[in-house]
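Written out below as structure tokens is the structure these notes cover.
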Amino acid sequence: ENRLNGYTPMDLLQNRFFERAEFVVDTLRKQGYCYLDDFHGEDIALKILSEVKNLHHREKFTDGELVSSNGNGSMLNKKIRDDKIAWIDGKEENCQAISHHMTTVNTLIRFCNGLIEEYDIEHRTKAMVACYPGQGTCYKRHVDNPNKDGRCITTLYYLNPGWTEEKGGMLNLYPGGSEEPVKILPRLDRLLLFWSDRRNPHEVAPSHDVRYAITLWYFDKNERARFRKKQEEEERKKAIFSGQENGSNEGGGN
Ligand SMILES: Cc1cc(NC(=O)CCC(=O)O)nc(C)c1Br
Ligand SMILES: [Fe+3]
């Protein structure tokens with residue numbers, strides 16, 4: 001077969017992933033976050049962007065969560081976040097490039113998993129495609145996984161060609177809860193990774209132009225299993241409790 005100085009193209013590809021995984025894991029250990037620029041290359045990045053814009057134009061995004069009341073019971077549709085999101089599993093039509101992104105990040109994370117002994121990463125969420133429509137839309141400071149829901153690594157892929165700080169929309173990251181934020185430019189073809197837990201509070205500064213990103217959260221198998229068991233336990237307790245509440249006794253059954 002076509003061996004290039006002893007390596008096949010697959011060998012070279014594997015090496016490339018291994019090298020990037022080593023850099024990612026070393027950097028995550030050192031500072032808790034890491035970003036790779038020119039992750040897919042411009043052509044594929046622009047293809048992914050066109051699919052995301054297409055989702056946006058086809059109204060496939062829902063509004064960010066609305067919080068309910070302002071405390072005195074009246075329903076105030078105050079927003080805690082301004083992003084519009086679409087959940088994508090990668091099999092949808094016209095999402096081939098987004099699907100390619102998902103499998104590429106899976107491969108990178110699989111190589112990283114071999115180097116991180118404290119986690120055992122086998123699963124992830126669907127892709128959350130997010131759009132900040134501009135006009136000062138932002139996302140308040142928060143931690144992705146404050147209470148051990150299983151998510152250990154957050155990956156954010158940015159799709160904003162020619163973005164500058166004047167447009168706002170910087171991701172302000174506070175690694176180790178530091179006072180001064182690390183300001184990450186959400187530029188096209190940048191892949192940002194960070195530990196999803198309390199080590200990385202973050203916020204999106206007000207955006208003055210349309211800002212797209214794709215998030216994938218990766219789970220630690222054990223933390224996720226514990227969380228699911230706890231959830232089922234709570235469901236059971238709730239079912240029993242609601243049974244007693246309205247006096248019926250079948251709730252205490254099963
Ligand atoms: C729905 C949701 C979105 C986000 N997004 C960001 O933190 C913004 C990152 C960026 O676009 O730079 N985080 C959580 C914990 C939830 Br939940
Ligand atoms: Fe977040």
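As the structure lists them, so they are numbered: ligands from 1, and atoms in each ligand from 1. In what follows, every heavy atom counts, from backbone to side chain, and hydrogens, waters and symmetry copies are set aside.
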### Task
Is it possible for you to check whether R190 lies under 6.0 Å from the centre of the six-membered ring of Y158, through NZ or CZ, and within 45° of that ring's axis?
no

### Query
Is R224 close enough and on-axis enough to F227, meaning under 6.0 Å and within 45°, for cation-pi?
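No cation-pi geometry.
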
### Task
Quick one: closest heavy-atom pair of H101 and I48, and the distance?
CB-CD1, 3.9 Å

Where on [X] is there a heavy atom closer than 4.0 Å to ligand 1, on the side chain, on the backbone, on both, or on neither?
| X | value |
| --- | --- |
| L156 | side chain |
| E203 | neither |
| L171 | side chain |

### Message
Looking at E203, is its backbone amide N or carbonyl O close enough to the side chain of N172 to form a donor-acceptor pair, meaning the two atoms are under 3.5 Å apart?
### Response
no

### Parallel, tilted or perpendicular: ring planes of F18 versus F111, cut at 30 and 60 degrees
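Aromatic pair F18/F111 classed perpendicular.
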
### Query
Would you call the rings of Y212 and H56 parallel, tilted or perpendicular if under 30° counts as parallel and over 60° as perpendicular?
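The rings of Y212 and H56 stand perpendicular, inter-plane angle above 60°.
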
## Note on the structure
Within the 2.8 Å cut-off the protein N, O or S neighbours of the Fe ion (ligand 2) are H142 NE2, D144 OD1, H202 NE2

### Task
Compare W217, Y132, Y158 and give the one whose heavy atom is closest to atom 10 (C) of ligand 1.
Y158

### Closest to atom 11 (O) of ligand 1 (judged by heavy-atom distance), picking from H202, R211, R141, H142
R211

#### Entry: E233 and R236: CA distance, side-chain angles, deciding distance, salt bridge (charged side-chain N to carboxylate O under 4.0 Å, His left out) verdict
CA-CA 5 Å; E233 197 44 46; R236 258 197 298 280; 2.9 Å; yes

### Query
Atoms of ligand 1 less than 4.0 Å from D144 heavy atoms?
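The list of qualifying atoms is 13 (N), 14 (C), 15 (C).
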
### Cluster companions of W163 among Ile, Leu, Val, Met, Phe, Trp, Tyr (side-chain spacing under 4.5 Å)
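ILVMFWY cluster around W163 also holds M170, L185.
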
### Task
Give a yes or no on this: more than 12 heavy atoms of other residues, nucleotides or ligands lie within 6.0 Å of atom CZ of R29.
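Yes, because the 6.0 Å sphere around CZ of R29 holds more than 12 heavy atoms from other groups.
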
